[in-house]
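Single-structure report; data block below.
Only heavy atoms go into these numbers, but all of them, side chains included; no hydrogens, no water, no symmetry mates. Order of the sequence lines sets the chain letters (A, B, ...), proteins ahead of strands, with each chain counted from 1.
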Amino acid sequence: MEYDFREIEKKWQAWWKENQVYKTIEDPTRPKYYVLDMFPYPSGAGLHVGHPLGYIASDIYARYKRLKGFNLLHPMGFDAFGLPAEQYAIQTGQHPARTTAENIARYRHQLDRIGFSFDWSREVRTCDPSYYKWTQWIFLQLFNSWYNPVTDKAESVDSLVTLFRNGSYREVLTGNLNPGDIDWENMTEAGQQELLLRYRLAYISEATVNWCPKLGTVLANEEVKDGFSERGGYPVERKRMRQWSLRITAYAERLLTDLQEIDWPESIKEQQRNWIGRSEGALVTFQLKDLKGGIKIFTTRPDTIFGVSFMTLSPEHELVDEITTLQQKAQVDEYVMSARNRSDRERMSEVKKVTGVFTGAYAIHPFTGASLPVWIGDYVLPGYGTGAVMSVPGHDERDHAFAIEFGLPVVQVIKGPDEWDIREKSYDVKSGKCINSDFLNGLDVQDAIPAAIRKIEADGLGSGKIQYRLRDAVFGRQRYWGEPIPVFYKDHIPCAVADKDLPVVLPEVDKYLPTEDGEPPLARAKDWRYNGLFDFETTTMPGWAGSSWYYLRYMDPGNQEAFASAESLNYWRQVDLYIGGAEHATGHLLYVRFWTKFLYDRGYIPVGEPAKKLINQGMIQGMSMFCSFVRRPDTTNNTPDGVFLYDTPSPIEGDVMRIPYEFAEFENGKYFLTREKLKQLKEENILFRDVEFISGKDIASMNPVYAGRLRELRNPGRVELQYEVEKMSKSKWNVINPDSIIDKFGADCLRLYEMFLGPLELSKPWNTNGINGTANFIRKLWKLYHTTGEGSREMQWSVTDEEPSREEWKILHKTIKKVTDDIERFSFNTSVSNFMICVNELTELRCNKRAVLEPLAVLVSPYAPHIAEELWEKLGHSTSITRASFPVAREEFFVEDVFAYPISVNGKTKFNLPIALTLTRDEIEREVMLAEEVRKLLAGKTPKKVVVVPGRIVNIVV
RNA sequence: GCGCAUGUGGCGUAAUUGGCAGCCGCGCCAGACUUAGGAUCUGGUGCCGAAAGGCGUGGGGGUUCGAGUCCCUCCAUGCGCACCA
């Protein structure tokens, strides 16, 4: 019989489920391997063909590793808290838990149809109280920990209290961390708690945050793109708020240096390096003239300190009010106000515009004693360094622009090229010799920097300092659908909920909106108090909380006593292969490393990095279809029903509109919308209700403006569509649903085709037309195990126990070798084409030998598990093919003793000459020179040189 | 502007170490069969040329007996960062 993928795929999916084929248990006798996919956020739109790409790749790898004898952990779950479900809840009043559960059910159904080998008994959902109990527990560990700079790891706050108690904190908490003089025993409890909050890894503080009024919540830096929210695209503004944050900055250095030990894509590492943004420099205090105190600045160029001609503060700087003189006050106030009201977006779009105002105050140059005017400028960022800079217009582009704008002096202190005009352009290059710089004169920049720092430290002006761009992660969200932060307030002091009271379950509320006083939705919860007495924290955790440790929960998902047992943690240790999208570079992938390091420090887990190897799968893009249109005379709008479609690939007015991909028909390399399809489209989509085709002639009679251009237009029995490759998205009408592909071609075919499209990491457009190739392959594979009777198409099972021929052995083992190499280097596309070659060659030989076809089924099984399982059963096995062993390539079956050497003259191949591979260089050369063709090609000339590479090539140079 | 990728037939791509460029598939062309199908099978298909032959991996230059692969330079596309002192 013909291969019936519908029946057979259903059969095996049910069988796998019933027999728990993919259930994993710890087995110390076997080596473990952990393959993880980034778990999906179950959106309402369901999966499109781009989503499973990475899952298919990881599934193939997992199945391969299983066949190689590894004990596989290959779980899946859902990142189920998040904004879209809550936005939907606000609109419809439906509880987000309900829509989330529905979406998960749909995802699960779609995933099941693809035939993944996930161990669903280990499924996690971040919104499940039995899961977020441990997310909250980890939060409390962060709350109860501080970062000890001496031991360079996180410790319990108890050890910090001990330091405060016995006074030895001074040796540990130096520089910025130094709290000044502490008399712990005589402090009030509130004072003590206030102090500890400055060191806890989870802490609450007044901070400038990204506030998104439209979403009603704060956002983390990586959730903001170009001044708009990543989700929804709403404007974001800066606002000072009391906020929960995580002290990820404590881990900046380790997050940076440990990148060296993990096998992750260079682009991800580079993005993380940039995001962490380490720079070495110095903190220096410039005393104020005629005022107490000074301005503390951070600079990476202490070598240019003699080039300072003014100071600049950010408008938000705390000293602004203090130092502004009476005369300047009005101007300064106005500037500060306007700077504050400008959104980030505006500030960014006006990057080139230099603005600022003089405070009237002066600082004193620490070495020359010169008076330096103190300015305010919004090019100085409040959040970086100290929010103030020493301005060196000679050697910093931004300072230069500011100095020119306001007529401030430009001093050169580094010797650049002779023709360089320092008035024209600052010399920012970090090389050259110091000039006009007192004790630094004559030193190269590279030597001057440490020399300047030494002097600054010796004179007590400041110290060397490493600065990071990385900010602490804002952790509170003024939203409903997230993990409640397990904290309550006693006399306004945040206190940890006791472990025994976890989880703090998300309470029911009447509406998912902020209260009238602008409190988060959780403030609506009735009688929601800790022990009936204390107010709970009302913000919830951000979307990335649950995903920062989920890979650990899979190791022991049912555990009630701990987030995972020591045994399972020690067995599975870390993810061996992690596959997911590159868009998480500075979000999830940084946070999961941070939480991992923290849990490692506190001794809860045995490894300090979450994933040994990471691969980013590329995006599968969609083909968006466009059709030329003209407006109906009686309308001015561009909605589909206000237009006529006409047939031309080059629209006369440049106006095109989108047509849903599934209505396009493909013919001769072009896409068309036919009359029939248009009819269907009009029925299915109300937007297209009144759309009609129009002929060129009618366009002209409708509107004489087009009359002269009629030649371009053709008669529209159908219209040609233009297309563009874009991101696959519902709004672009270019989404392909895997279900529709599976219905038509089967899951194995989808799996093969997704892999066949190209290298995993590359983005590439989906084109359903090509899928016939892999569908044919599956048919041919099936046929290989069958014969068709004389004159009939009836297929009969036909596998013999005959000994394969030498040629057949060779095909098999060559394929084993290639496919093994391909999988090992994650080159799944090439292994699919190797399968095709193998099946083509075996078909040619009419090979039906068990000794060849049985290993072939195993070889194919990671890619096309359903058909492989069916063939395996028909071959007489009663256990699953997943319990088989991956075949091993035996070289003796494919080594050749003769090689057809390409013989080239001056690097250009002329012909092939078979020569025994056992011959030496000299013997090969002799053989080649004797050949008839060579004599002809040389035409009597003597070669200058003959290059012989045994087993590869012969090149004759004349 | 800075950083990181990527550029190969009409299309998706292959070439693992510097060694026959274009494997495999789509599409296309020609043919066979005919239960007339968007089915199956056979052959062909980088470009120019009737052929011999020539030209070809984004452009230009270089190293080498030999370059898709290495180096320099320019261009294009994508992604990331972007007043980070």
Side-chain angles (χ1 to χ4, degrees), chain A residues 225-226 265-271 273-275 277-279 281 297-301 304 312 314 347-348 350-352 354 377-381 383-392 395-399 401-402 428 467-471 582-583 585-586 618-619 665-670 752-753 756-759 761-777 779 793 818 821-822 824-825 827 829-838 840 900-912 943-949 951-958:
Chain A
K225 294 266 180 295
D226 296 330
E266 197 45 48
S267 64
I268 294 281
K269 291 193 190 182
E270 193 59 29
Q271 279 183 61
R273 281 185 206 111
N274 290 339
W275 192 258
R278 182 185 199 271
S279 44
I297 58 96
F298 174 71
T299 177
T300 55
R301 295 295 302 275
T304 62
T312 314
S314 64
R347 231 165 126 160
M348 251 181 272
E350 292 168 13
V351 163
K352 293 283 172 297
V354 180
D378 71 357
Y379 79 96
V380 179
L381 300 175
Y384 187 76
T386 61
V389 300
M390 64 176 211
S391 298
V392 186
H395 305 283
D396 182 286
E397 205 187 333
R398 298 151 302 178
D399 296 338
F402 198 86
D428 295 14
Q467 186 70 44
Y468 301 92
R469 200 189 76 118
L470 184 72
R471 291 310 130 70
E583 65 273 22
T586 51
M619 254 194 318
E665 290 206 2
F666 183 71
E667 202 185 306
N668 280 8
K670 288 175 177 165
L752 284 165
Y753 188 55
F756 186 66
L757 278 175
E761 320 81 59
L762 244 59
S763 288
K764 55 249 159 185
W766 177 270
N767 183 351
T768 305
N769 299 313
I771 202 166
N772 291 325
T774 41
N776 274 339
F777 163 75
R779 231 185 327 256
R793 296 213 169 161
K818 283 188 166 164
D821 290 353
D822 287 341
E824 293 283 356
R825 66 194 170 97
S827 174
N829 55 325
T830 52
S831 42
V832 177
S833 72
N834 279 320
F835 287 138
M836 290 175 171
I837 293 168
C838 173
N840 287 348
Y901 279 86
I903 311 300
S904 52
V905 177
N906 291 337
K908 293 210 188 292
T909 310
K910 298 296 178 183
F911 68 99
N912 286 314
K944 279 193 205 127
K945 188 174 171 187
V946 179
V947 182
V948 177
V949 185
R952 286 227 184 261
I953 202 171
V954 176
N955 189 17
I956 303 165
V957 187
V958 292

The criterion is salt bridge (charged side-chain N to carboxylate O under 4.0 Å, His left out); which residues satisfy it with [X], sequence neighbours excluded?
X        : answer
A:Glu824 : none
A:Asp428 : none
A:Arg471 : none
A:Arg952 : none

Exercise for the section: Find which nucleotide of RNA chain B each of A:Ile771 and A:Glu270 is nearest to by heavy atoms, and output the residue with the more 5' nucleotide. Expected result: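 Closer to the 5' end of RNA chain B: A:Glu270.
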So which nucleotide from [options] ends up closest to the side chain of [X]?
X        : options             : result
A:Leu757 : B:G12, B:U40, B:C20 : B:G12
A:Asn769 : B:C24, B:U16, B:C26 : B:C26
A:Val389 : B:U16, B:G12, B:A85 : B:A85
A:Phe756 : B:A15, B:U40, B:G12 : B:G12
A:Ser279 : B:C83, B:C20, B:A85 : B:A85
A:Arg952 : B:G27, B:G19, B:G25 : B:G19

Please tabulate, one pair per line, each protein N/O and nucleotide N/O from nucleotides 7-10 of chain B that are separated by under 3.5 Å, including the distance.
none

Practice task
For A:Asn906, enumerate each residue passing the side-chain hydrogen bond (donor to acceptor under 3.5 Å, both in side chains) test, keeping only those at least two apart in sequence or located in another chain.
Solution key: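 With neighbours one apart ignored, the set is empty.
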Exercise for the section: Could you list the residues that satisfy side-chain hydrogen bond (donor to acceptor under 3.5 Å, both in side chains) with A:Ser831, not counting sequence neighbours? Expected result: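 Partners of A:Ser831 by the side-chain hydrogen bond (donor to acceptor under 3.5 Å, both in side chains) criterion, ordered by chain and then number, come out as A:Tyr863.
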Problem - Glycosidic conformation of B:G78, taking syn as within 90° of 0 and anti otherwise - result: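 With its glycosidic angle more than 90° from zero, B:G78 counts as anti.
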Problem - P atoms of B:G12 and B:C81, separation to the nearest Å - result: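 Taking atom P in both B:G12 and B:C81, they lie 27 Å apart.
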Problem - Interatomic distance at P, B:A5 relative to B:G56, whole Å - result: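 Those two atoms are separated by 29 Å.
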Practice task
Pick base, sugar-phosphate or nothing for A:Asn840, based on heavy-atom distances below 4.0 Å to the nucleic acid.
Solution key: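 Result for A:Asn840 = sugar-phosphate.
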Practice task
Scan A:Arg779 against the nucleic acid and name what it touches under 4.0 Å (heavy atoms): base, sugar-phosphate only, or nothing.
Solution key: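 Here A:Arg779 touches the backbone only, sparing every base.
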Practice task
State whether the side chain of A:Lys945 and the backbone N or O of A:Asn955 hold a donor-acceptor pair below 3.5 Å, judged by distance alone.
Solution key: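 No, A:Lys945 side chain to A:Asn955 backbone: no donor-acceptor pair under 3.5 Å.
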Practice task
Using the test ring-ring contact (aromatic ring centres under 6.0 Å, His included), find all partners of A:Phe756 that sit at least two apart in sequence or belong to another chain.
Solution key: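 Here no residue qualifies.
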Handout entry: Set of ring-ring contact (aromatic ring centres under 6.0 Å, His included) partners for A:Phe777, sequence neighbours left out
Key =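 For A:Phe777, no residue satisfies ring-ring contact (aromatic ring centres under 6.0 Å, His included) once neighbours in sequence are set aside.
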Which atoms of nucleotides 77-81 of chain B (N or O only) lie under 3.5 Å from a protein N or O atom, and what are those distances?
residue : atom : partner  : partner atom : Å
B:C81   : O3'  : A:Arg469 : NH1          : 3.4

Produce the list of close N/O pairs, under 3.5 Å, pairing protein atoms with atoms of nucleotides 61-65 of chain B; give distances to one decimal.
residue : atom : partner  : partner atom : Å
B:C65   : O2'  : A:Asn955 : ND2          : 3.1
B:C65   : O2   : A:Asn955 : ND2          : 2.6

Exercise for the section: Mind checking which stems touch RNA chain B? I mean at least 3 consecutive Watson-Crick or G-U pairs, both distances under 3.5 Å. Expected result: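 The stems are B:1-7 with B:75-81, B:10-12 with B:24-26, B:27-32 with B:40-45, B:46-48 with B:53-55, B:58-62 with B:70-74.
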